[in-house]
Amino acid sequence: MTAMTNQPAEPIEDSDIPTRFDHATAAPRITQAWLDAGCNRAQVDPSRKPFTICIPPPNVTGALHLGHGLNNTLQDVLVRTRRMQGFEALWMPGTDHAGIATQAVVERRLKEQENKTRHDLGRDTLVARIWKWKDQYETRILGQLKRMGCSCDWDRTRFTLDDQCAAAVRATFYDLFSQRLIYRGKRLVNWDTFLQTAVSDDEVFNETTQGHFWHFYYQVIGPKRGEPAMVEIATTRPETMLGDTAVAVHPDPAAALDAVEKELRLKLVDAAEKDLAAINGQLADLEIRRRTMLPTLIMLADMARDHRQVMLPLLDRAIPLVVDPWAKPELGSGCVKITPAHDPNDYEVGKRCGLPMINVLRTDGTLNQEAGVYQGLTIKAARERVVADLDALGQLGEVEDREIELPHSDRSKTPIEPFLADQWFVKMDSLAQSAIDAVSSEAVKIFPTRYRKGYLDWLGEKRDWPVSRQLWWGHQIPIWTSEKLTASDAKSLAAKIAALQSAYSAGESSLTHQTEVDEDGDNRLFVCLRAENAKLQAAVEAIGLVRDPDVLDTWFSSALWPHSTLGWPEKTAELDYFYPTSTLITSRDIITLWVARMVLMGINNTGKVPFSEVFIHPKILDGLGETMSKSKGNGVDPIDIIDKFGPDALRFGLAWLATETQDVRMPVQYECPHCEKLIDQTKKNRSLPRIDCPHCSQPFSTQWAESEADKSLHRGAVVSERFETARNFVNKLWNAARFTLLNLDDYQPIKIDRAALPLEDRWLLTRLATVTAEVTDAIDHYRYAEAARSLYDFAWDEFCSLYVEMAKSRFSDPAQRAATQTIIAHGLDTLLRLLHPIMPFVTEDIWAHLGKVAPTRGLDKQIEAGPFVMRAPWPTVDVRDTGDKTIEKQFAVFREVLGAVRQIRSSQNVPPRESVPVSLVCDAATVVLLTPMIPLLESIATANVVALGPQATAFATDVPLSLPSLGIDVHVDMDRFIDVQAELVRLERLLGQIIKQITVKEQKLSNESFVSRAPEQVVATERQSLQDLKAQRQSVTDDIKKMQNRK
RNA sequence: GGGCGCUUAGCUCAGUUGGUUAGAGCAUCUCGUUUACACCGAGAGGGUCGGGGGUUCGAGUCCCUCAGCGCCCACCA
């Protein structure tokens, strides 16, 4: 059947609609139909309110996994809902160039496959290769999103490195540079010696390794009588001593020790038992230090103030003793070697004490000329040599074994070396403050609110943002430099630049320059170009300036994403209409890196916050509780799930799991393509390119297959049974629709008079109204799981199990057929709209089928249903359908009674078609409620209600069940079926339960304080409940007697 | 070291402001092809709500504490 064409209504045959939703053929067809009709498109339309979401641009490092699947499902649910609610909804798609990550991936492959480094290729060739990689993965990523049903406006797809984003980056950099908010500085950076680039703190992870703690002795130069001849220092990185420029000691060691002791004693007061020993140990240690070390330390401090020096061994360089509070007398020897160029803390000391900073490393991690005879060695080799040589000199002391937290680069997995280098920084002061204010004032609201704290704390530190990266893939810094200039050279160069400035920038200024004096007293000059301009660039280079080879941190361009994608710095109509965007949906690990920076850059560039709400969703963890990531290899490709379960099941399954506080644990299995058996994914096998099936021994490939041999094998999908529920639900909906469609062949809608409707119809309308309100509210507040559960329960337990069942008999009654058709068509129609944002494909397919047999739908008046549920209006709540508590109560009672009858039937093994006589004992009020339900009960439970009311009595061959909370006793005549023994077992068990409950209640009610303090209503309920239980006990006891008599 | 979560059935998770007998899906067991659906239907079994203490008439829910797991931030010469 083709879905999207308008054909005249024709009878539907049973065989026309398969019993399973065929997502594999339906999804591509529907996707195409949406595209053809422009359903995803958003345009500036002043008559409508805009609703905008910018996608968190996935990195082009690799394919998407289920974490992205969740992120994008949640965005799409929201966008589709708002679109249906009448907003001009724009979902802006795109990808991120992910500077260091992407370059690292491509470089690694280059090494593995061709044994080449980036230097073998050169900058242009490498960058061209990365573009190729980007094209390949961008296509794959966008394809994944499309198959998931993401309703992005694809024509607007952006890339953080495309021309439009580049223009925004250039303009931002230029503006910040002009305001001196971007500056050049020497800073200690985390140096990745493998990738030969600085990486940010955020790209560093710590790993505990077995290391040593070496003690050295440095000789004091010209020790006077009574003074120590040596100072002892200790380090975990001996080779850095080559860059030592001082040895520090605390300025007032006695006071420092006192302070520590005071703190320890405070701790002692409210310490737990088990900690006491440890603290006391520390206090004892302090005492020893006071006696043994303190005099020496005080003497050393005096010597330092006296500008005394020690001799750095091996290099025979005299270095000063300095005083600095960083040297803590309570630790180690109390003295600390200072290596400003290779340790963050030492760097601070170096700055405070005005020490020289000697960098002993080359960019590749080998030692440079500063290291003297050790020049050219690797760090590892140098370390061994330094230790051996010091030992030979007799200046090596104790060597302790110690666990060391060693920083590693997240990208190359190699150890980080702190390294002094020239870098560009963004000054965070006022920028950070604006982003703090935005969240404090709730101009930007973060959900769940607990994530506000991390955001505010991080920004509160206002640490300047190092933005240069020694990479080739990214936005090259738009700065041209000339260094080591004399003052007069600098002056004449500046004049030439001023000339260029007036020649090229009529109107808007597009070039600016700054001069500054470097640490050696020379001048350097920077020129910044605002936009790409080949001629101007050539002119700048012609007067001798050289472009900075570095590129910008990826987050610099990501920070501009909400406005750069809409055309900023141009004043576009799009920007004016769609910006600020509405909601950002992302994961918690980039709240600071990305969200905070978008807020401050958005405010800086546009004067407005980039979005008013941020929703942080849970993370998807694998079966071992680890987050999914490309680098770990435990990522599951959403396409595998889609192939097996369908896109709707993927989406519904993810939404169902996306609760507020809990991350989603997702154990996965490989599915062998040969024998279809499932193989648990483990730490060992999760990143293998091929696996031999343990069941059928045949090999299959995985998503990591790269070699041709592996790729030619059959691919083993990674699946999770956690999507079965959702897949089954999709099919349940499909079949409810199938039933409806098969009964709409002669659809003749009639005008509905609500008051005259039968009970079950009024109930359905009430429930639809309630569910509509619930789902709307849940989605508004990002409670996706609640929306999914609410729809699941209603669709399955109420629409399918009750309403459809009740409709069966009414369809065969000519008097009721038309009305039932009208209502069920309306019910299905509403359900499809409500489910569409979560399950777009199956709802769209059913919508098309429904449109053919029932092109107009509605209650008060018939309305032409449009061709797409995607573009249909979101259901609204009609007040006439809400608040009828009587009907809800009637159905609640009905379902209880129905359950009781079924339970009795099942316990006695009564065949489904056998009608059983039923007698219902209840009070007069319940009779009124229940009487209209009798026909439904009879049809659904295959029961025959022979008596109802206070006077109704038990049967001679009775199997009863009491519903104490409702005050109803259900009696079923089991004359023909009864299994006396089984029944006795059941009754005895039941009696036991009742007696237990009675005991609990009696205890409760005999508790004087409960009766006097609990609210009256609670006490009354308990009393009534006890009374009911007692009555039930009586009747069960009677029944047991009766049953024993039958024996 | 600081911060934020989490711990409920065999598994994966819900559980609104404290209030009848703590729920769902999967798995298990029993029964059933009944005119949409076996990716289905009916029913059953399965819980000291991580341990301990407290507040309260009443605690899965609030407070304290201990233990375990996870994440974020800082730091360790």
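A, B, ... follow the sequence lines: proteins, then strands. Residue 1 opens every chain.
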Item checked: Residues which pass side-chain hydrogen bond (donor to acceptor under 3.5 Å, both in side chains) with A:Glu786, listed by chain and number, not counting sequence neighbours ->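 With sequence neighbours excluded, A:Glu786 shows a side-chain hydrogen bond (donor to acceptor under 3.5 Å, both in side chains) to A:Arg783, given in chain and number order.
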Counting any heavy atom closer than 4.0 Å, what does [X] reach on the DNA or RNA strands: base, sugar-phosphate only, or nothing?
| X | answer |
| --- | --- |
| A:Trp214 | nothing |
| A:Val804 | base |
| A:Arg20 | base |

Next item on the list: Could you pull out all residues at least two apart from A:Trp734 that satisfy ring-ring contact (aromatic ring centres under 6.0 Å, His included)?
Entry: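 For A:Trp734, the residues satisfying ring-ring contact (aromatic ring centres under 6.0 Å, His included) (neighbours in sequence not counted) are A:Phe21, A:His849.
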Next item on the list: Return yes if a side-chain donor-acceptor contact under 3.5 Å exists between A:Asp244 and A:Tyr218, otherwise no.
Entry: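 Yes.
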Item checked: Test item: side-chain donor near acceptor, A:Thr240 and A:Lys337, under 3.5 Å ->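 Short answer, yes.
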Check: To the nearest Å, how far apart are A:Gln903 CD and B:G45 C1'?
Finding: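 Going from CD in A:Gln903 over to C1' in B:G45 covers 13 Å.
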Next item on the list: Give the rounded distance in Å between these two atoms: CH2 of A:Trp734 and P of B:C39.
Entry: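 Distance check: A:Trp734 CH2 to B:C39 P gives 17 Å.
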So for [X] and [N], does any side-chain atom that can act as donor or acceptor lie under 3.5 Å from a complementary atom in the base?
| X | N | result |
| --- | --- | --- |
| A:Lys453 | B:C4 | no |
| A:Arg727 | B:C39 | yes |
| A:Glu461 | B:A74 | no |

So which protein N/O to nucleotides 7-14 of chain B N/O distances come out below 3.5 Å?
{"unit_1": "B:U12", "atom_1": "O2'", "unit_2": "A:Arg722", "atom_2": "NE", "d": "3.1"}
{"unit_1": "B:U12", "atom_1": "O2'", "unit_2": "A:Arg722", "atom_2": "NH1", "d": "2.1"}
{"unit_1": "B:U12", "atom_1": "O2'", "unit_2": "A:Arg722", "atom_2": "NH2", "d": "2.1"}
{"unit_1": "B:C13", "atom_1": "OP1", "unit_2": "A:Arg665", "atom_2": "N", "d": "2.9"}
{"unit_1": "B:A14", "atom_1": "OP1", "unit_2": "A:Thr659", "atom_2": "OG1", "d": "2.4"}

